[in-house]
Amino acid sequence: MDDEYAKLIRRMNPPRVVIDNNSCEDATVIQVDSVNKHGILLEVVQVLTDMNLIITKAYISCDAGWFMDVFNVVDYDGNKIRDKEVVDYIQRRLESNASFSPSLRESVGVMPSEEHTSIELSGTDRPGLLSEVCAVLTDLHCNVVNAEIWTHNARAAAVVHVTDDSTGCAIKDPKRLSTIKELLCNVLKGNDDLKTANMTLSPPGVTNRERRLHQIMFADRDYERVEVDRLGGIENKKSRPHVTVLDCSQKDYTVITMRSKDRPKLLFDIICTLTDMQYVVFHGMVNTGRMEAYQEFYIRHVDGLPISSEAERERVVRCLEAAFERRACEGLELELCTEDRVGLLSDITRIFRENSLCIKRAEISTKAGQVKDTFYVTDVTGNPVDPKIIDALRRQIGHSVLKVKHNSSISPKPPQETTMGFLFGNLFKARTFQSFKLVRSYS
């Protein structure tokens with residue numbers, strides 16, 4: 001009865017979206033008012049992220065049964081969103097009553113759809129792993145059309161969309177799917193995998209690909225620290241965000257503040273993690289500068305209680321650090337643009353492996369017969385790649401096909417720590433931050 005009543009209230013009060021290009025000089029302002037429900041903040045942020053919009057500022061209020069949020073957004077070139085078709089599409093997406101993303105499923109699986117088969121993988125990261133996976137898929141006559149691969153803390157996760165290389169359609173034969181799962185599981189296990197790779201056949205779903213990668217990594221507990229020696233390089237603590245946990249004793253909130261280097265999709269990554277951890281953001285703000293981002297969230301667990309134990313505070317900090325680091329641009333960014341063919345990705349990743357390159361993150365896409373792949377690479381020890389190796393690589397693959405886009409090893413100084421906690425300075429005039437008790441700061 002409670003669920004039906006909530007649905008009735010939402011039907012009687014559909015979301016109201018106002019998109020304004022006049023009130024702010026340097027950004028488009030999007031205001032969303034709606035009946036509140038668990039996960040609505042992530043749903044809205046995911047729509048903006050899917051539209052390749054960058055959130056420069058945000059003000060979040062989801063208390064008393066209502067969701068009232070304001071987002072300042074720009075495109076990837078830093079411009080306002082002025083195209084009327086794009087504005088209308090954003091409004092339709094935000095005002096639609098699409099259901100929230102499905103709950104967390106098993107960490108890996110194979111999901112057939114009409115256009116492709118979606119393969120989800122997780123296992124222990126090691127040099128050459130992606131090359132081995134691609135080689136197995138090629139031998140099994142699977143063509144990779146889209147994929148995203150993340151590595152973090154000695155763990156690897158991927159969502160790979162494949163088709164049959166002869167028909168171009170999804171693979172639906174149960175026996176063939178079983179063979180794919182068995183062989184990929186053997187590759188993921190390796191020789192000394194401390195966490196056994198587990199593959200299951202999952203029902204079709206509509207979960208966002210990046211959302212699934214966060215879920216897979218979280219389920220795989222990639223936020224747990226591992227020995228630096230196993231990571232194959234020196235742990236860079238300077239690049240880690242500064243996360244602080246506070247108690248707001250008079251309002252029964254836990255306050256999380258986070259300072260980090262700014263990058264696209266940062267808010268999406270953080271809200272994904274808080275949602276997966278079963279926390280609700282009641283109030284919050286996001287403010288980005290030239291190179292840094294400040295985020296502040298007033299949260300409670302879904303049971304209505306703030307964080308009460310030291311162990312859980314530390315776990316929240318570790319998980320938010322992991323959410324930031326999973327998508328951090330580690331290594332040299334290489335872009336591959338060429339005509340698609342069966343086995344292309346297997347050949348490219350094999351060449352990378354033969355030249356002692358380690359792929360830290362990758363985005364694979366195919367459109368109208370053309371591939372546009374992005375790889376973030378280091379050497380096998382996690383250090384910057386020798387420029388001579390890149391020159392040799394480009395000569396082998398083709399200078400016009402493989403281009404160097406960015407080198408993240410040349411990075412600006414991390415943001416300096418400053419005073420935290422200014423979101424509710426005016427709202428809590430009678431309740432100054434003296435009522436906040438600093439519980440612990442992890443950095």
Side-chain angles (χ1 to χ4, degrees), residues 14-34 36 39-62 66-98 101 148 208-211 241 258-272 281 283-297 323-324 327-329 333 335 363 365 367 372 374 405-406 408 411-412 415 422-423 425-427:
R16 188 173 73 93
V17 179
V18 177
I19 301 178
D20 178 16
N21 268 315
N22 299 319
S23 60
C24 180
E25 290 185 4
D26 54 4
T28 297
V29 179
I30 300 177
Q31 180 177 335
V32 183
D33 297 335
S34 172
N36 195 16
I40 190 172
L41 175 59
L42 176 58
E43 186 177 346
V44 170
V45 172
Q46 182 171 305
V47 168
L48 299 178
T49 301
D50 288 345
M51 293 293 297
N52 290 323
L53 302 180
I54 295 177
I55 299 171
T56 58
K57 292 183 180 180
Y59 303 92
I60 300 163
S61 180
C62 306
W66 289 96
F67 175 89
M68 296 174 287
D69 289 11
V70 178
F71 302 90
N72 287 18
V73 301
V74 295
D75 62 20
Y76 265 63
D77 296 321
N79 301 318
K80 290 184 177 183
I81 316 304
R82 297 190 181 276
D83 188 307
K84 188 176 185 306
E85 289 187 5
V86 175
V87 170
D88 290 344
Y89 181 75
I90 294 171
Q91 186 144 3
R92 288 197 304 271
R93 283 286 306 273
L94 291 174
E95 288 179 345
S96 68
N97 291 322
S101 301
E148 191 153 357
N208 173 277
R209 188 171 67 189
E210 294 166 333
R211 173 99 171 94
M258 180 174 176
R259 297 192 77 94
S260 66
K261 180 180 177 181
D262 190 27
R263 60 166 173 77
K265 303 185 180 181
L266 177 59
L267 179 60
F268 172 78
D269 294 339
I270 300 305
I271 299 301
C272 267
V281 177
H283 302 283
M285 67 86 64
V286 176
N287 192 17
T288 63
R290 288 183 58 194
M291 295 303 298
E292 71 175 51
Y294 175 82
Q295 300 179 78
E296 184 173 304
F297 303 107
F324 173 84
R327 208 200 293 263
C329 296
E333 181 181 353
E335 184 179 83
E363 299 174 15
S365 62
K367 188 174 182 180
K372 185 177 181 181
T374 302
K405 301 295 290 184
H406 176 67
S408 66
S411 57
F422 53 80
L423 170 59
N426 293 326
L427 183 60

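Here the structure is a predicted model, which is why all the values come from computation and not from measurement.
The two atoms that bring R259 and Y294 nearest to each other are NH1-CD1, 3.3 Å, heavy atoms only. When all heavy atoms of I81 and N21 are compared, the pair lying nearest together is O-ND2, 2.9 Å. The two residues Y76 and N52 come nearest to each other via the heavy atoms CD1-O, 3.1 Å. Summarising the geometry of S34 relative to W66, their closest heavy-atom pair is O-CE3, 3.3 Å, with the distance given to 0.1 Å.
Residues satisfying the salt bridge (Lys or Arg N to Asp or Glu O under 4.0 Å) criterion with E148, sequence neighbours excluded, are R209. Partners of N72 by side chain to side chain contact (heavy atoms under 4.5 Å, CB included), not counting sequence neighbours, listed by chain and number: C24, A27, V29, T56, K57, V70.
In this structure, the side chains of Q295 and I270 come closer than 4.5 Å at one or more pairs of heavy atoms. Taking 4.5 Å as the limit, every side-chain heavy atom of D69 sits out of range of all side-chain heavy atoms of V44. Side-chain atoms of N79 and V74, non-hydrogen and from C-beta on, never get closer than 4.5 Å to each other. Side-chain contact between L42 and R211 is present, with heavy atoms from C-beta onward closer than 4.5 Å. Taking 4.5 Å as the limit, some side-chain heavy atom of D269 sits within range of a side-chain heavy atom of R263.
Put simply, the side chain of S365 gets close to the backbone of K372: a donor and an acceptor are under 3.5 Å apart. A donor-acceptor distance shorter than 3.5 angstrom exists from the side chain of Q91 to the backbone of V17, with no hydrogens or angles considered. Side-chain atoms of T49 do not come within 3.5 Å of backbone N or O of F268 as any donor-acceptor pair. A distance-only check finds a donor-acceptor pair linking the side chain of N208 to the backbone of E210 [under 3.5 Å].
Here T28 contributes atom OG1 and R82 contributes atom CZ; the two are 7.0 Å apart, rounded to the nearest 0.5 Å. Atom CD1 of I54 sits about 12.5 Å away from atom CG of L267, to the nearest 0.5 Å. Here OG of S96 is found 7.0 Å from CD of E43. Values are rounded to the nearest 0.5 Å.
Note on residues 16-31: pairs passing salt bridge (Lys or Arg N to Asp or Glu O under 4.0 Å), not counting sequence neighbours, are R16-D33.
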Discussion item. Run I90 and L53 through side-chain contact (heavy atoms from CB on, under 4.5 Å) and show every step you take.
Written reply: CA-CA 10 Å; I90 294 171; L53 302 180; 3.6 Å; yes

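When the options V47, L94, L41, I19 are evaluated for a side-chain contact (heavy atoms from CB on, under 4.5 Å) with V32, the one that passes is L94.
By the 4.0 Å N-to-carboxylate-O rule, D88 lies close enough to K84 to be salt-bridged with it.
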